[in-house]
Amino acid sequence: MKSEPDVFSFADLKARPGQKEPWDGVRNYQARNYMRDDMKVGDRILFYHSNTNPPGVAGVAEVASAPYADPTAFDQKSKYYDPKSDPENPRWMLVEVKYKEDLKRLVSLEEMKAMPELSDMRVLQRGNRLSITPVTKLEFEAIRKAGKVSA
DNA sequence: GCCAACGTTGGC
DNA sequence: GCCAACGTTGGC
């Protein structure tokens with residue numbers, strides 16, 4: 001799951017251990033579908049920092065709730081407000097996440113690109129802009145392992 | 001700040 | 001249903 005650390009960082013999540021944070025504001029259907037259909041409580045998450053230098057995986061989080069309607073879609077004061085989302089039939093869904101585990105260091109995008117295990121990873125494909133993508137167990141473990149050893 | 005890539009919108 | 005225009009993402 002991607003986040004801009006200026007908006008919400010892994011350190012922000014870690015600062016509230018055990019607390020569930022709603023992953024709100026997703027306004028892309030594919031990303032929504034992954035949260036709604038594929039994420040289960042307890043699933044581990046690679047928390048990726050985008051739009052920062054360097055971008056990369058900052059830590060491990062965990063899915064902490066079943067999917068439910070994103071309340072910011074109904075909030076006229078929210079920048080994520082969507083007048084077309086009907087509360088009776090919500091267009092946007094989210095899951096809550098919580099802090100899981102530290103890495104010793106950030107695994108940078110550059111480093112990920114050089115890892116052969118990650119050659120098919122969605123987030124590394126050209127032009128990928130999805131903020132949420134599925135990760136295979138192999139990909140997950142390769143990144144986690146890299147982050148567990150000092151550079 | 002630039003710009004390629006991509007998703008969405010809306011006229012037709 | 002097509003597609004041009006537009007807005008956004010995100011690496012660099």
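Within every chain, numbering begins at 1; the chains are lettered A, B, ... in the order of the sequence lines, protein sequences first and strands thereafter. Computed over heavy atoms, backbone and side chain alike; hydrogens, waters and symmetry mates excluded.
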### Nearest-nucleotide 5' precedence on DNA chain B, K84(A) against G127(A)
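Nearest-nucleotide comparison on DNA chain B picks G127(A).
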### Query
Linking I/L/V/M/F/W/Y whenever any side-chain heavy atoms sit under 4.5 Å apart, do F8(A) and V26(A) land together?
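They do share one cluster, since a chain of ILVMFWY contacts under 4.5 Å joins F8(A) to V26(A).
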Between [atom2] of [N] and [atom1] of [X], the distance in whole Å:
X	N	atom1	atom2	answer
Q125(A)	dG11(C)	CD	P	14 Å
N28(A)	dG10(C)	CG	C1'	14 Å
N128(A)	dG11(C)	CG	P	9 Å

### Task
Could you tell me which residues satisfy salt bridge (Lys or Arg N to Asp or Glu O under 4.0 Å) with K113(A), sequence neighbours excluded, listed by chain and number?
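Salt bridge (Lys or Arg N to Asp or Glu O under 4.0 Å) check on K113(A) returns nothing, list empty.
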Please produce a list of atom pairs where a protein N or O lies less than 3.5 Å from an N or O of nucleotides 2-9 of chain C.
from, atom 1, to, atom 2, distance (Å)
dT8(C), O2, R129(A), NH1, 2.3

### Centroid-centroid under 6.0 Å between W23(A) and F47(A) rings
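Yes.
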### Centroid separation F10(A) to Y99(A) less than 6.0 Å
yes
### Message
Working note: W92(A) + Y81(A), criterion ring pair (Phe, Tyr, Trp, His ring centres under 6.0 Å); need CA distance, chi angles, decisive distance, verdict.
### Response
CA-CA 10 Å; W92(A) 303 116; Y81(A) 176 61; over 10 Å; no
#### Entry: K145(A), NZ: over 12 other non-hydrogen atoms inside 6.0 angstrom
no
